[in-house]
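I have placed the structure first, in the form of structure tokens, so that the comments after it can refer back to it.
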There are 2 protein chains.
Amino acid sequence: MNTSFKKRVVIIEDDVEIRNSYELIVNSSPKFFVLNTYDNCEDAIKQIHNDRPDIVLMDVELSGMSGIAGTKVIKDKIPHAEIIIISVYDNSEMVFEALRSGASGYITKSSNYIELLAALDEITKGGAPMSTKIARLVIDTFHINPNSPLSKRETQILQLISEGKTYTQISEELFISKDTAKSHIRNIYSKLQVNNKSEALAKATSDKLI
Amino acid sequence: MNTSFKKRVVIIEDDVEIRNSYELIVNSSPKFFVLNTYDNCEDAIKQIHNDRPDIVLMDVELSGMSGIAGTKVIKDKIPHAEIIIISVYDNSEMVFEALRSGASGYITKSSNYIELLAALDEITKGGAPMSTKIARLVIDTFHINPNSPLSKRETQILQLISEGKTYTQISEELFISKDTAKSHIRNIYSKLQVNNKSEALAKATSDKLI
DNA sequence: CATTATATCACCCATTTTGGATTATTGTTT
DNA sequence: AAACAATAATCCAAAATGGGTGATATAATG
């Protein structure tokens with residue numbers, strides 16, 4: 001069979017039953033074919049330049065190197081490859097860690113064969129396959145906290161701090177004295193219960209104040 | 001007709017043709033009904049406590065208050081409401097601004113009636129309706145830059161800076177002298193071409209180094 | 001093998017930031 | 001009108017940071 005136009009898929013999954021079932025599903029589509037399957041990241045990485053996959057289906061819970069670590073390595077070696085994480089867990093830390101490591105999709109193991117193929121299709125079209133729940137998790141990280149304890153002015157100043165501005169630069173930009181800027185910043189520290197700019201930025205990020 | 005089980009929808013869109021067409025589409029579904037339509041945010045906001053919508057379809061390009069600003073106000077007044085932005089543009093700045101302001105979905109005006117109803121369905125199920133292209137934009141913001149100019153140690157120290165740690169705290173945590181910590185930080189500044197912690201964090205965020 | 005990058009440590013000096021105490025004006029809400 | 005939050009300003013002392021200029025050792029790279 002001519003497979004040259006098909007998208008090249010590699011599967012990394014330690015459960016042999018699941019691995020074989022994924023392989024069957026992927027190969028059942030005329031658009032994809034499975035080059036190789038592995039039960040661990042280490043072996044997959046050794047072969048990655050021979051396999052040259054377009055898409056990697058990656059389990060996170062693996063013995064040895066985790067799927068997250070494996071994703072980083074593979075993305076480093078073949079950046080064009082699209083990695084879809086498959087996990088039993090869909091808690092936020094796991095999802096965000098996976099995305100940070102370079103994955104472009106995240107589906108759960110409960111996905112049936114239609115959903116799995118849909119994910120492959122979506123990533124081929126340049127999308128980012130994920131469940132509605134995960135999409136929402138991701139979107140919610142963008143929302144700015146509407147219950148910020150900071151006043152408008154304080155938020156504005158915190159924004160300038162986040163841009164790396166010094167007291168002097170802030171005072172010049174807002175046409176206030178350096179001491180006034182300082183006064184605002186002190187109030188910000190007091191409200192956020194922090195003691196320096198970086199801590200304030202950490203708090204601002206985690207509480208989504210800016 | 002008994003509409004008590006239906007999701008309450010408000011439409012804000014200045015083009016009367018499009019507005020009416022949206023209204024027809026939404027009312028064509030047994031799951032939703034349109035309470036009111038408005039051609040500007042100001043009027044919609046005046047009525048928001050009477051309307052008590054579950055879902056708001058919001059155009060961004062409006063005369064007067066923008067859809068982004070309107071989203072902020074509505075989210076502030078009735079936080080439970082889910083807002084779907086409808087825009088002709090799908091460039092990243094526009095999308096991220098909309099999401100930051102509190103929207104939970106973002107679809108383009110090219111969407112047909114099936115896509116519009118699918119978006120309403122998805123948001124009802126707690127999801128985040130958006131096109132594949134936008135999903136990808138969003139996911140890509142999570143990816144850490146694999147071409148970071150920083151060494152492992154420097155990245156680790158930048159991480160500690162982002163947590164608000166001082167030179168002293170960093171040196172204690174890594175069992176190195178304060179001068180060494182400072183030396184690393186200076187190298188970080190030099191590589192990132194910045195002059196202080198906050199600027200380094202701004203650069204780290206924009207370049208996704210941590 | 002030479003070079004480069006990395007990681008470690010040190011000293012001096014100036015600037016910036018922070019902590020604490022106080023006061024005053026404006027604007028909003030009750 | 002009273003109370004409160006936000007804004008603005010000043011003074012002083014201590015701590016942290018940033019810039020300059022080194023040095024040493026080790027690993028990685030060409």
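In what follows, every chain begins at residue 1, and chains take the letters A, B, ... in the order their sequences are listed.
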message: Can you work out whether B:Val194 or B:Ser183 has the more 5'-proximal nearest nucleotide on DNA chain D?
response: B:Val194
message: I need the NZ-P distance between A:Lys197 and C:dG19, as an integer number of Å.
response: 13 Å
task: Spell out yes or no: do the side chain of B:Arg186 and the base of D:dT21 have one donor N/O and one acceptor N/O closer than 3.5 Å?
output: yes
- request: Could you tell me whether A:Lys109 and A:Glu13 make a salt bridge, using a distance below 4.0 angstrom between a side-chain N and a carboxylate O?
  value: yes
- prompt: Within a strict 4.5 Å, meaning less than it, do heavy atoms of the B:Leu150 and B:Leu192 side chains meet?
  reply: yes
- prompt: Roughly how many Å is it from CG in A:Asp179 to C1' in C:dT23, rounded to a whole number?
  reply: 13 Å
- request: Please give the angle, rounded to 10 degrees, between the axes at the start and the end of the helix from C:dC1-D:dG30 to C:dT30-D:dA1, where five pairs define each axis.
  value: 60°
- prompt: Whole-Å distance between D:dA16 P and A:Tyr189 OH?
  reply: 13 Å
- request: Rounded to the nearest angstrom, tell me the gap between atom NZ in B:Lys182 and atom C1' in D:dT17.
  value: 7 Å
message: Does this structure show an ion pair linking B:Lys7 with B:Glu82, if we count only N-O contacts that are shorter than 4.0 Å?
response: no
- line: Taken to the nearest whole Å, NZ/A:Lys152 to C1'/C:dT26 is 16 Å
query: Do A:Ile55 and A:Phe32 come within less than 4.5 Å of each other through their side chains, counting heavy atoms only?
result: yes
message: Base, sugar-phosphate or nothing for B:Thr180? Non-hydrogen atoms, less than 4.0 Å.
response: base
- request: Please determine, for the side chain of A:Ile185, which listed nucleotide (C:dT18, C:dT6, D:dT7) has the closest atom?
  value: C:dT18
message: Is a donor from one side chain sitting under 3.5 angstrom from an acceptor on the other, for B:Asp51 and B:Tyr38?
response: yes
query: Rounding to a whole Å, what distance do you find between B:Ile176:CD1 and D:dA25:C1'?
result: 16 Å
- prompt: Is A:Lys72 paired with A:Asp76 through a side-chain N to carboxylate O contact shorter than 4.0 Å?
  reply: no
- prompt: Out of C:dT17, D:dT7, D:dC12, which has the shortest distance to the side chain of A:His184?
  reply: D:dT7
- prompt: Where the side chain of A:Ser29 meets the backbone of A:Val26, is there a donor-acceptor pair that is under 3.5 Å apart?
  reply: no
- prompt: Between atom NZ in B:Lys191 and atom C1' in C:dT4, what is the gap in whole Å?
  reply: 12 Å
